[in-house]
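All of these numbers come straight from a predicted model, not from anything done at the bench. Quick note: residue numbers are just sequence positions, from 1. Below, each value reflects all heavy atoms present in this structure, side chains not excepted, and no hydrogens, waters or symmetry copies.
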Amino acid sequence: MEAAADLTWKGYSVAERDRRWKAVRERGAAAGLDCVFVPLGDGLDGEYLTGFTTAVVVMPTDGRLPIVIQDHKGATNAWIRETRYANREWAQLSAQALLDAGMERARIGVVGLKGGTVTHVRAPGGVVVHTPYAQDVKGALPHATFEDATDVVGFVRYVKSDEEIECLRRSAALAEAGVERMVELARPGLDEAVLYASVTERMLELGSAYYDWALETGPLGHEEVQHRSTVPPVGRRLKAGELVNNEVTAIFGSMLSQEVQPILLGPLPQDWQPLIDLQREVFEAGLDRMRPGVTFGELIDFTNGFSKRPGLNTAITLHGRGMGDDGPLITARASGSSIRDLALQKGNAFVWKPYAQTPDARWRFNFGATVVIGENGAERLSSRPPGMICIE
């Protein structure tokens, strides 16, 4: 990969801003909203619409420029030429922005008010800072109607543009470089905190933003006692025979990619090979299956019913990628029952990491990678072959 100096992200184009704004306004207007309001607490959607990591946004759906409040006095960027300085008065300024936009009796769509169909899926109660919103903002506009609009922005984020996909490609390459550093260093006796820090350093020096990725270590075949950490695990050392599981995540252009590469510190037991072979089969078959128009219900049933091998089955694990979870969350704890009729679209991005496992789920194996949905199936954004890496 290029030197870090050549990888500094220069920001999205004004054309990308216009695409996002147009799509959000159109979805908001179609929902009967007079404006789309991103309040304090919803940093991702604020950044998506402004490029600022912390921003409150009042976007009228009639085409007028949005009012943007952020936390640096006089700050502007290529997208936003004028902002209002919060000076810790977020709620009051948010209410005033809505009033200035003429929303006294309007229908106001609040983004992040609750978990959406394809965004904020891990926060069913929403991400809005409740007291300032409920007391100060709503209190200042007693005749306005406030309703959830998480999906208004969510379904725009859900389909990636060419610019966003290029950033996903870069972040996937950065995550893959992190995996390569892990394979290089992981040996019995190594301090796990050193491993975590070294992988993080490698991704940062190549241009990734920081992210708390997950490292999980423990004896093979005993998932219930494996230790999982999203910070450097101080005081632990790798041991011979351990499985080093990981969810290595990098960010470029605010786009998150994740690579999952299990590493075994020792020879692979012969009994595990059929499990790994089955996971490779379902992983690759799923890539072909994930086409525009296929519903999540069809994908769930295909994956969970894939195995024809006695004593082994398969299980779907999939969630969106982009600015967080830009897509449904489907795991053993989140079955996806509510989105079975939702169809995949060209430009969706996911972490695809199905499991192969024994019926009691004691032996489980999954390899995973970031994929983007195209006309002819899902395209992997990294190049490592599915399977286990054994370091003997």
ask   = Near Asp212 CG, under 6.0 Å, is it more than 12 heavy atoms from other residues, nucleotides or ligands?
value =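 Yes, the 6.0 Å shell around CG holds more than 12 heavy atoms from other groups.
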query = More than 12 heavy atoms of other residues, nucleotides or ligands under 6.0 Å from CG of Asp341: is that the case?
reply =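 Counting other residues, nucleotides and ligands, CG of Asp341 stays at 12 neighbours or fewer.
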request  = State whether Phe296 and Arg340 meet the cation-pi test: NZ (Lys) or CZ (Arg) under 6.0 Å from the six-membered ring centroid, and within 45° of the perpendicular axis.
outcome  =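 No cation-pi geometry.
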query = Is the NZ or CZ atom of Arg17 positioned over Trp21's six-membered ring, under 6.0 angstrom from the centre and within 45° of the axis?
reply =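 Because its charged atom sits under 6.0 Å from the ring centre and within 45° of the axis, Arg17 does stack over Trp21.
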Would you please say whether a donor-acceptor pair under 3.5 Å links the side chains of [X] and [Y]?
| X | Y | value |
| --- | --- | --- |
| Thr76 | Glu82 | no |
| His120 | Asp325 | no |
| Asn313 | Gln357 | yes |
| Thr54 | Gln70 | no |
| Gln226 | Thr217 | no |

Is [X] salt-bridged to [Y], going by a charged N under 4.0 Å from an acidic O?
| X | Y | answer |
| --- | --- | --- |
| Arg157 | Asp151 | no |
| Arg25 | Asp62 | no |
| Arg170 | Glu166 | no |
| Glu247 | Lys353 | yes |
| Arg280 | Glu284 | no |
| Arg309 | Glu281 | yes |
| Arg291 | Glu375 | no |
| Glu164 | Arg20 | yes |

Which atom of [X] lies closest to which atom of [Y], heavy atoms considered:
| X | Y | answer |
| --- | --- | --- |
| Ile373 | Pro292 | CG2-CD, 3.8 Å |
| Leu265 | Pro188 | CD1-N, 4.2 Å |
| Ser171 | Leu256 | OG-C, 4.1 Å |
| Leu243 | Pro262 | CD1-CB, 4.0 Å |
| Ala55 | Thr50 | CB-OG1, 3.6 Å |

request  = Classify the ring geometry between Tyr196 and Trp213 as parallel (under 30°), tilted (30 to 60°) or perpendicular (over 60°).
outcome  =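 It falls in the parallel class, under 30°.
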query = For residues 378-392, which residue pairs qualify under side chain to side chain donor-acceptor pair (under 3.5 Å), counting only residues two or more places apart or in two chains?
reply =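 Passing the test, one end in residues 378-392: Arg169-Glu379, Glu176-Ser383, Glu259-Ser382, Glu259-Arg384, Gln261-Arg384, Arg380-Ser382.
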key: Ring centers of Tyr355, Phe365 separated by less than 6.0 Å   =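 Ring centroids of Tyr355 and Phe365 are no less than 6.0 Å from each other.
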ask   = Between Thr119 and Tyr158, is any pair of side-chain heavy atoms under 4.5 Å apart?
value =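 Of all side-chain heavy-atom pairs linking Tyr158 with Thr119, none is under 4.5 Å.
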